[in-house]
Amino acid sequence: YTQDQNKLPQIKDVFSTTIKPGIASFAKNPDQAGLYVKKLLDQAMEQLKAKHISASNVPVSLLATAGMRLLSEQEQQKIHTTVRDYINDHYNFPINTVTTITGQQEGLFGWLDINYLQQTFANHTPTVGSLDMGGASTQITFAVENNNYPFDTFNLHIGQQNYLVFSKSFLGLGLDQARLAMSQSPLTYTCYPLNYPLQTPGKFDFPTCESLYADVISKHQVKETIPSFSQQKFIAHSGIQFNYAFFISGTTSNEVSYEKKLTEACAKTWEQWQVDFKDTPADRLKNYCNDGSYVAELLYKVYQLKDDQLTITDKINDKKIDWTLGALLYQLSM
């Protein structure tokens with residue numbers, strides 16, 4: 001990146017990579033967490049070597065998200081310490097920070113990334129909101145006119161402009177956690193393809209499945225804790241985009257078409273699903289109907305978004321949406 005205090009920082013994303021599962025999976029054996037990030041750091045080292053940049057000039061931050069937020073402070077601390085020690089012992093990177101970010105920060109960083117890629121900061125055009133969805137939490141973030149929600153609002157100064165940004169995270173409403181809560185119901189089978197092997201075999205029924213998720217969402221008081229956003233345009237990405245794209249192509253929201261495709265696909269037998277999507281791992285395949293129903297309920301019934309307000313994508317101007325760029329932009333803007 002290049003920086004001048006009065007200008008919008010210029011950030012160039014060099015490379016991006018993913019490893020799964022997240023480091024929260026080391027809660028029971030935290031001493032293994034350091035070795036786990038080795039792959040990421042080695043790849044970063046290769047990139048730097050190719051550009052003749054010394055690691056000693058590149059500060060490293062490790063920012064953990066919702067999976068870690070589900071752990072106790074003590075469990076998080078042990079993982080943070082192991083990772084910090086591992087980096088210090090094996091690399092020349094100076095450490096900027098190793099921490100777990102809040103859900104509000106995660107939402108804010110995603111919003112910053114989207115608007116940076118969309119060039120709303122550079123062009124001084126109206127900002128777009130961000131709808132993010134992980135396994136453990138979901139975030140909704142958008143600019144507001146007044147600070148009626150002080151605990152969920154950030155004041156930002158970016159490229160000579162001030163922004164007031166509302167960011168709310170719902171821990172427990174990520175895809176995995178919401179599904180876990182939904183599966184406590186005896187009607188869980190209505191969220192799975194026909195004949196899917198459960199205690200009561202799967203028999204997909206969209207309205208019933210949606211209502212199970214409506215109950216889960218209502219416990220988090222989603223509608224009651226966010227300002228109104230009737231004219232706000234949003235970009236939905238990550239887990240929302242992943243599920244939406246399975247049923248419908250294109251990035252423009254189409255509620256009617258999405259629900260029709262979802263209902264038609266999920267009415268097929270599980271045996272047929274395994275034939276039609278034989279290249280998709282079964283543990284991922286089995287959740288498209290329930291996750292898809294949840295996405296529909298959240299976007300269209302709870303947030304009540306109209307199709308012209310919503311773009312569903314994982315890329316903007318050919319760049320992948322990635323909140324880590326937003327985290328750097330936030331740091332540079334402070």
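When a residue number appears, it is its place in the shown sequence, counting from 1. This one's a predicted model, so the numbers in the text were calculated from it and none came from an experiment.
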Where does the angle between the aromatic ring planes of Phe247 and Tyr288 fall among parallel (under 30°), tilted (30 to 60°) and perpendicular (over 60°)? perpendicular
Quick check against the 3.5 Å criterion: does [X] have a side-chain atom that pairs as donor or acceptor with the backbone of [Y]?
{"X": "Asn317", "Y": "Leu117", "value": "yes"}
{"X": "Thr251", "Y": "Ile312", "value": "no"}
{"X": "Gln274", "Y": "Leu285", "value": "no"}
{"X": "Ser185", "Y": "Met182", "value": "no"}
{"X": "Thr313", "Y": "Lys315", "value": "yes"}
{"X": "Thr120", "Y": "Thr125", "value": "no"}
{"X": "Gln47", "Y": "Gln43", "value": "no"}
{"X": "Gln177", "Y": "Gly174", "value": "no"}
{"X": "Trp111", "Y": "Val128", "value": "yes"}

Considering only Ile, Leu, Val, Met, Phe, Trp and Tyr, and joining two whenever side-chain heavy atoms are under 4.5 Å apart, list the other residues clustered with Leu70. Leu171
ILVMFWY clustering at 4.5 Å (side-chain atoms), partners of Ile87: Ile19, Ile23, Phe26, Leu35, Tyr36, Val37, Leu40, Leu41, Met45, Leu48, Ile53, Val58, Val60, Leu62, Met68, Leu71, Ile79, Val83, Tyr86, Tyr91, Phe93, Ile95, Val98
[atom1]/[X] to [atom2]/[Y] distance, rounded to the nearest 0.5 angstrom?
{"X": "Lys286", "Y": "Asp291", "atom1": "NZ", "atom2": "CG", "result": "10.5 Å"}
{"X": "Asn115", "Y": "Ile235", "atom1": "CG", "atom2": "CD1", "result": "7.5 Å"}
{"X": "Phe142", "Y": "Gln231", "atom1": "CZ", "atom2": "CD", "result": "12.5 Å"}

By side chain to side chain donor-acceptor pair (under 3.5 Å), which residues pair with [X], not counting sequence neighbours?
{"X": "Gln272", "value": "Asp276"}
{"X": "Ser167", "value": "Thr141"}
{"X": "Lys320", "value": "Asp314"}

For residues Leu329 and Asp113, determine if any side-chain heavy atom of one lies less than 4.5 Å from a side-chain heavy atom of the other. no
Is there side-chain contact between Tyr213 and Cys191, with heavy atoms separated by less than 4.5 Å? yes
Do [X] and [Y] have ring centres separated by under 6.0 Å?
{"X": "Tyr163", "Y": "Phe121", "result": "yes"}
{"X": "Phe229", "Y": "Phe234", "result": "yes"}
{"X": "Phe246", "Y": "Trp273", "result": "yes"}

Less than 2.5 angstrom apart at the SG atoms, yes or no, for Cys266 and Cys289? yes
Starting from Leu180, can I reach Val222 by hopping between I/L/V/M/F/W/Y residues whose side chains sit under 4.5 Å apart? no
Hphob cluster co-occupancy, Phe170 + Leu175, side-chain heavy atoms under 4.5 angstrom: yes
Mind checking what makes salt bridge (charged side-chain N to carboxylate O under 4.0 Å, His left out) contact with Asp205, not counting sequence neighbours? none
May I ask you to say whether Arg179 pairs ionically with Asp176, meaning some side-chain N is under 4.0 Å from a carboxylate O? yes
